[in-house]
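Structure first, then comments.
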Amino acid sequence: MAEPTFRAPKGTRDILPPESGRRRALVDRFADSAALSGFGEVVSPIFEDLGVFKRLGESTDIVTKEMFDFVDKGDPPQHLALRPELTASICRAYAEHRPIPPWKIWYEGPQFRYEQPQAGRYRQFTQVGVEILGADDPQADVDVIALGARFFESLGLRQVTLMVNSLGDESCRPAYMEALTAYLTDRVGDLSAQSQVTLERNPLRVLDSKRDEDQSIIDAAPVMVDFLGGETADHFDAVRSGLDELGIAYEISSRLVRGLDYYTRTTFEFAATALESAQNAVGGGGRYDGLVEDLGGPATPGIGFALGVDRILLACDAEDVFAAPGPSVSVFVVDVTGGSVALDACQRLRAGGIGADRAYGGRSMKAQMKVADRSGAPFAAIVGEDELAAGEVTLRDLRGESGQRRVALDDLVSDVRSLLSN
RNA sequence: GUGGGCGUAGCUCAGUUGGUUAGAGCGCCUGGUUGUGGUCCAGGAGGUCGGGGGUUCGAAUCCCCUCGUUCACCCCA
């Protein structure tokens, strides 16, 4: 293949029709269901002060080695970063604007991480998500999780597994960390080299290892839920019973630790089991009760999730659901008299709310009919010399058996409208 | 960041042990007389075989480097 002069940067891609229409439909559907649950949209900047993301934790790869950061032209220059995730931006916005809690918001947009691309993993990827700030109630957790679960169902996905865990809070996690660290340290010689390094940085993350040699050790490791204190245990119980009440299936996964350090108590993840690849997490989230305060705001509990649009679409492919939307125009105007009638007819149809398109460049009728067919439009409006002289068009049914007939150009909009309505 | 697979027309791919002007299907364009698409038929456009270097009389075919892609680790959506 001849190498083009420029191509989309590594890990990025162009999303073209009809796939782009499918993404649009997915985001629209998410927006609808979020609005139905009382969430409003927040549109936040695509880059932030680097410090906003630094607060996510020094032991997360997302912050330490996957950030697209740069300095601007200011004096003094400001150190900025393309957002690697959106929860931090939302918390920054909350701390900045102090909306009335509970603040229920949803968002959509691209995020950036400097990673090795592979299936379902891109340097620019899109997430949709929701957050509730200022609500400690376990029923907020349930509402949020339910929104995610129902959204996957609404797309037609059936092979999505919900895993839930609690990571405790500052009152009980230290005891667990101590027990886990002691347990892993005792067996450090049997851990993979990678996990030995991870143990030094963040013992919790060892539970995430997929290396074979680690599995038996991980399976027998102490689990957080056994260490939950009274309040956090009650919270977790309430979340579970809430999910049970709503009939939402889930698994308790004691190894679900998530990648961001800010999580406390409830954490969860949606895995698309129809995906063969390792990148089968289509969504995840949890509580982050200390994040707003870390960013300079008032102590505020928070819970939310982010769903990966790119991966969801891959999962939809794997399950063969949520197909791209069909054609968008209803009438294709074929004009072999120079094109001015097509110009006029298209404007009339569009003004009347009817999708219309046409060919350009004065091609033959045969060629224009081919384009009309390809457009997916149910009707063609054909204009030849006869029609031009009579002020009419030939309205032809391209998909059914009703043939064609002549109609006055002035009646085109109303005739098409009545044809489309039955 | 580490390791493996792959990289031939817009797309999906063939290309024999390296040997003359690189092929197919689909798609696209133009036709198949006298205004009509979806089937059929005939033509046509389109590739310096990802890029660079090397081996050789000769390389898409072998070697090296590089870029991209893909899979796994890692990480995560």
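Letters go in sequence order (proteins before strands), and every chain restarts at 1.
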Just call it for A/Glu115: base, sugar-phosphate, or nothing, with non-hydrogen atoms closer than 4.0 Å on any strand.
base
Report yes or no: is there a donor-acceptor pair, N or O only, under 3.5 Å between the side chain of A/Gln404 and the base of B/U36?
yes
Below 4.0 angstrom, N of the basic side chain to O of the carboxylate: do A/Glu96 and A/Arg92 qualify?
yes
Phosphate oxygens OP1/OP2 of B/G68: is one of them under 4.0 Å from a side-chain N or O of A/Lys10?
yes
Nucleotide opposite B/G43 in a Watson-Crick or G-U pair, distances under 3.5 Å:
B/C29
Rounded distance in Å between the C1' positions of B/A14 and B/U61:
14 Å
Taking atom CZ of A/Arg396 and atom CD of A/Gln404, what is their separation to the nearest 0.5 Å?
5.0 Å
B/A22 to B/C49 separation - C1' atoms, rounded to the nearest Å:
8 Å
If the P atom of B/G44 is compared with that of B/A24, how far apart are they to the nearest Å?
11 Å
In whole angstroms, how far is the P atom of B/U36 from the CG atom of A/Leu398?
14 Å
Base, sugar-phosphate, or nothing for A/Gly11, non-hydrogen atoms under 4.0 angstrom?
sugar-phosphate
What is the separation between atom CZ on A/Arg201 and atom C1' on B/G1, rounded to the nearest whole Å?
12 Å
Using the C1' atom as the reference point in each nucleotide, state the distance between B/U20 and B/C57 in Å, no decimals.
14 Å
Nearest 0.5 Å, what's the CG-CD1 distance between A/Asn165 and A/Ile252?
7.5 Å
Which nucleotide, if any, forms a Watson-Crick or G-U wobble pair with B/U55, using both distances under 3.5 Å?
none
From CZ of A/Arg113 across to P of B/C74 the rounded distance in Å is 17 Å
So, under a plain 3.5 Å distance rule, would you say the side chain of A/Asp373 forms a donor-acceptor pair with the base of B/G37?
yes
Once you apply a heavy-atom cut-off of 4.0 Å, does A/Ala367 come out as touching a base, just sugar-phosphate, or nothing?
sugar-phosphate
Searching all strands shown, indicate the nucleotide that pairs with B/C73 (Watson-Crick or G-U wobble; both distances under 3.5 Å).
B/G1
Side chain of A/Arg121, base of B/C74: donor and acceptor closer than 3.5 Å?
yes
Rounded to the nearest 0.5 Å, what's the gap from CG on A/Asp289 to CZ on A/Arg265? Could you check?
4.5 Å
Begin with the C-alpha distance, continue with both residues' side-chain angles, and end with the deciding distance and a verdict on salt bridge (charged side-chain N to carboxylate O under 4.0 Å, His left out) for A/Glu48 and A/Arg83.
CA-CA 7 Å; A/Glu48 296 267 2; A/Arg83 62 189 184 195; over 6 Å; no
Taking the P atom of each, how far is B/U8 from B/G47, in whole Å?
15 Å
Rounded to whole Å, CD1 of A/Ile312 lies from C1' of B/C76 at a distance of 14 Å
Proximity to the side chain of A/Gln127 - top-ranked nucleotide from B/A77, B/C75, B/G37:
B/A77
Centroid-centroid under 6.0 Å between A/Phe30 and A/Phe151 rings:
yes
Base, sugar-phosphate or nothing for A/Gln124? Non-hydrogen atoms, less than 4.0 Å.
nothing
Base of B/A72, side chain of A/Gln116 - is there a donor-acceptor contact under 3.5 Å?
no
Cation-pi, A/Phe152 ring and A/Arg150 (6.0 angstrom, 45 degrees)
no
Rounded P spacing from B/G7 to B/G51 in Å
13 Å
Using a cut-off of strictly less than 4.0 Å, decide whether A/Thr394 has a side-chain nitrogen or oxygen near OP1 or OP2 of B/G35.
no
Just N and O in the side chain of A/Arg374: are any of them under 4.0 Å from OP1 or OP2 of B/C29?
yes
Roughly how many Å is it from CD in A/Gln118 to P in B/A72, rounded to a whole number?
5 Å
Would you call A/Arg348-A/Asp344 a salt bridge at under 4.0 Å N-O?
yes
Please classify the nucleic acid contact of A/Gly283 as base, sugar-phosphate, or nothing, using heavy-atom distances under 4.0 Å.
sugar-phosphate
Checking only heavy atoms, does the side chain of A/Arg7 share a donor-acceptor pair with the base of B/G68 at less than 3.5 Å?
no
Base, sugar-phosphate, or nothing: which does A/Ser209 touch, judged by heavy atoms less than 4.0 Å apart?
sugar-phosphate
For A/Lys366, which contact category applies under a 4.0 Å heavy-atom criterion: base, sugar-phosphate, or nothing?
base
Comparing nearest nucleotides in RNA chain B, the 5'-proximal residue of the pair A/Asn280, A/Glu401 is A/Glu401
Rounded to whole Å, the CZ-P distance (A/Arg363 to B/G31) equals 9 Å
Classify A/Gly120 by what it touches in the nucleic acid, base, sugar-phosphate, or nothing, heavy-atom distance under 4.0 Å.
base
Partner nucleotide, any strand, of B/U12 [Watson-Crick/G-U, under 3.5 Å]
B/A24
Just checking A/Val336: base, sugar-phosphate only, or nothing, at a heavy-atom cut-off of under 4.0 Å?
nothing
A/Lys210 NZ to B/C75 C1': how many Å, rounded?
8 Å
Nucleotide B/C73, atom P - distance to CD of A/Gln196 in whole Å
19 Å
B/C76 base / A/Arg311 side chain donor-acceptor hit below 3.5 Å:
yes
How far, in whole Å, is B/G18 from B/C74 if one measures between their P atoms?
41 Å
Which is true for A/Phe270 with a 4.0 Å heavy-atom rule: it touches a base, it touches only sugar-phosphate, or it touches nothing?
nothing
Residues A/Asp49 and A/Lys54 bridged, charged N to O under 4.0 Å
no
Who is the Watson-Crick or G-U wobble partner of B/G68, with both distances under 3.5 Å?
B/C6
C1' atom, B/C73 versus B/G15: distance in rounded Å?
35 Å
Taking for each residue the nucleotide of RNA chain B with the nearest heavy atom, is it A/Arg399 or A/Val371 whose nucleotide lies nearer the 5' end?
A/Val371
